[in-house]
2 protein chains.
Amino acid sequence: MTREKIEHYRKLGLKMTPQRLAILEYLEGNTSHPSAEDIYRHVEGKFPSMSFATVYNTLEALKEKGLIRELSIEPGKKRFDPNPSPHHHFICERCHRVYDIFEDFQITLPGEHQKQFEIKECEIIFRGVCADCKRKEV
Amino acid sequence: MTREKIEHYRKLGLKMTPQRLAILEYLEGNTSHPSAEDIYRHVEGKFPSMSFATVYNTLEALKEKGLIRELSIEPGKKRFDPNPSPHHHFICERCHRVYDIFEDFQITLPGEHQKQFEIKECEIIFRGVCADCKRKEV
DNA sequence: TTTTTTGTTTAGATTGGCTCTAAGATAATA
DNA sequence: TATTATCTTAGAGCCAATCTAAACAAAAAA
């Protein structure tokens, strides 16, 4: 990670510890939507004394700064998306991989609902089978 | 619950016990998207010996028959939707209530993605503030 | 550079939602 | 009514996530 980026995070009020650096490096450009455990497993190689609490603390801090998003797409497990810009997801029902979809679908609710709800964001979750799993079919 | 409905469930292969009847009656027409705990709390009044396992067993059985849907909208907690027809949801970020939205948005993915994904369903989650919570603002 | 302050990391305990188990109970059926 | 296939139950167990308090380390101040 570059010095500038570290400085950038620091200015956001994040104390930059080696553990946090390792987590940030793992998340940077990562499109696998990892769980806390995925992150822990990766970082514990570098920091064997690493605690799960540190992973959760860091993720919570990043979430508060709007740098990552927490996804509730898998029941009973949080997953994290290091891309904070609005986008959608496709979830493969076979392999459970989560793919990003960067289309702007311009969804607007009809008038009646617009009175009832002040909408701040909208996420679409597509479900089905991905090309990889299609290929493996009989 | 009517005799016909009970017969209908029976024909689907569901053994109709008093506990299941109580759960089904609670779910019928319920738009609050209750959690397992919500259901348990309601039904334990009628069946004090009720076990959480029974709630989960019943919900699992209903899910398999396609009679309800399991929602992953709240991290760390399953919620259930007794309306199995495809529809969307609005979640209020203040009160966390979940509202149904029965609009057909006709969303189609561009060609490149259609090659990559076989889409079976698509759910939209709107987030924001509901009218109730807006009204309570200062 | 040294000191102080403030926030972070850690191990381990704890919580909360959910699942499993094995025994007893009961709805469906013949 | 007798049979059997399934359901219910209490309690144990599992796993993700959170909490705690002491040790520690980064950043700010001196």
Side-chain angles (χ1 to χ4, degrees), chain A residues 1 3 5-24 26 33-65 67-68 70-80 96, chain B residues 1 3 5-24 26 33-65 67-68 70-80 96:
Chain A
M1 175 146 342
R3 197 161 290 281
K5 273 189 189 158
I6 295 175
E7 193 53 33
H8 169 72
Y9 288 121
R10 221 194 301 273
K11 279 189 181 137
L12 285 170
L14 296 166
K15 205 177 245 190
M16 292 308 283
T17 66
Q19 292 90 334
R20 289 189 164 183
L21 262 176
I23 292 174
L24 282 165
Y26 176 64
H33 308 79
S35 65
E37 167 138 21
D38 295 332
I39 297 166
Y40 176 79
R41 292 281 166 248
H42 185 266
V43 180
E44 75 173 335
K46 214 167 180 177
F47 296 94
S49 73
M50 186 78 156
S51 157
F52 254 102
T54 299
V55 175
Y56 284 108
N57 284 345
T58 302
L59 290 169
E60 185 59 31
L62 295 175
K63 198 176 77 177
E64 269 171 20
K65 303 293 176 193
L67 298 170
I68 65 172
E70 185 183 303
L71 305 179
S72 297
I73 49 182
E74 189 168 347
K77 201 180 232 170
K78 291 178 180 177
R79 295 181 66 164
F80 298 87
H96 301 104
Chain B
M1 174 147 341
R3 198 162 286 281
K5 272 189 190 158
I6 294 176
E7 194 52 32
H8 169 71
Y9 287 122
R10 222 194 300 274
K11 280 192 181 133
L12 285 170
L14 295 167
K15 199 181 227 180
M16 292 309 283
T17 64
Q19 293 88 336
R20 288 189 165 184
L21 261 176
I23 292 174
L24 281 165
Y26 176 64
H33 307 79
S35 66
E37 167 138 20
D38 294 332
I39 297 166
Y40 177 80
R41 292 282 166 247
H42 184 267
V43 179
E44 75 172 336
K46 213 166 179 176
F47 295 95
S49 74
M50 186 79 156
S51 157
F52 254 101
T54 298
V55 175
Y56 283 108
N57 285 346
T58 301
L59 291 169
E60 185 58 31
L62 295 176
K63 197 176 79 178
E64 269 170 22
K65 303 293 175 192
L67 299 170
I68 63 172
E70 184 183 304
L71 305 180
S72 297
I73 50 182
E74 189 167 347
K77 199 180 232 170
K78 292 179 179 176
R79 294 181 66 165
F80 298 88
H96 302 104

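Note on naming: letters A, B, ... go to the chains in the order of the sequence lines (proteins, then strands), and numbering restarts at 1 for each one. Quick caveat, the model's predicted, so the values are computed rather than measured.
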Angle between terminal axes - the helix from dT1(C)-dA30(D) to dA30(C)-dT1(D), 5 pairs each end, rounded to 10°: 30°
Nearest-angstrom distance from the residue atom CZ of F52(A) to P of dC15(D): 12 Å
Atom-pair distance (CZ on F47(A); P on dA11(C)), nearest Å: 13 Å
Presence of S51(B) side-chain N/O under 4.0 Å of dA10(D) phosphate oxygens OP1/OP2: no
Please list, for nucleotides 21-27 of chain C, all pairs of protein and nucleotide N/O atoms separated by less than 3.5 Å.
unit_1, atom_1, unit_2, atom_2, d
dT26(C), O2, K15(B), NZ, 3.4

F80(A) and L62(A), any side-chain heavy atoms less than 4.5 Å apart: no
Residue-phosphate contact under 4.0 Å: R20(B) side-chain N/O, dT8(D) OP1/OP2: yes
Close approaches to DNA chain C from residues 34-46 of chain B, in residue order (heavy atom, under 4.0 Å): A36(B), E37(B)
side-chain N/O S49(B) vs dT9(D) OP1/OP2, d < 4.0 Å: yes
Point-to-point distance, once rounded to the nearest 0.5 Å, from CD1 of I68(A) to CD of E60(A): 8.5 Å
Shortest non-hydrogen contact between R79(B) and E74(B), atoms and distance: NH1-OE1, 3.0 Å
OP1 or OP2 of dC18(C) under 4.0 Å from side-chain N/O of Y56(B): yes
Length of the CG-P vector between N57(A) and dC24(D), whole Å: 18 Å
Name the atoms and distances for all side-chain donor-acceptor pairs under 3.5 Å in residues 44-57 of chain B, with sequence neighbours left out.
unit_1, atom_1, unit_2, atom_2, d
E44(B), OE2, R41(B), NH1, 3.2
S51(B), OG, A53(B), N, 3.0
N57(B), ND2, A53(B), O, 3.3

Spacing of NE2 belonging to H33(B) relative to CD1 belonging to I73(B), to within rounding of 0.5 Å: 6.5 Å
Between C1' of dT29(C) and NZ of K11(B), the distance in whole Å: 15 Å
With E64(B) via salt bridge (Lys or Arg N to Asp or Glu O under 4.0 Å) - residues at least two apart: none
Euclidean distance, atom CD of residue E60(B) to atom P of dT19(C) [Å, nearest integer]: 7 Å
Audit row: T58(B), I39(B), side-chain contact (heavy atoms from CB on, under 4.5 Å) steps and yes/no: CA-CA 11 Å; T58(B) 301; I39(B) 297 166; over 6 Å; no
Side-chain atoms of residues 10-22 of chain A: list all donor-acceptor pairs with protein atoms under 3.5 Å, sequence neighbours left out, distances to 0.1 Å.
unit_1, atom_1, unit_2, atom_2, d
R10(A), NE, E7(A), OE1, 3.4
T17(A), OG1, R20(A), N, 3.2
R20(A), NH1, K15(A), O, 3.2

N or O in side chain of Q19(A) less than 4.0 angstrom from dA25(D) OP1/OP2: no
Distance in angstrom units between E7(A) CD and dA26(D) P, rounded: 15 Å
R79(B) CZ - dC18(C) C1' separation (whole Å): 17 Å
Whole-Å distance separating the CD atom of E64(B) from the P atom of dC7(D): 10 Å
Distance in Å, S72(A) OG paired with L71(B) CG, rounded so as to fall on 0.5 Å steps: 11.5 Å
K78(B) versus P75(A), closest heavy-atom pair with distance: CE-CB, 4.0 Å
K78(B) side chain near dG16(C) phosphate (N/O to OP1/OP2, under 4.0 Å): no
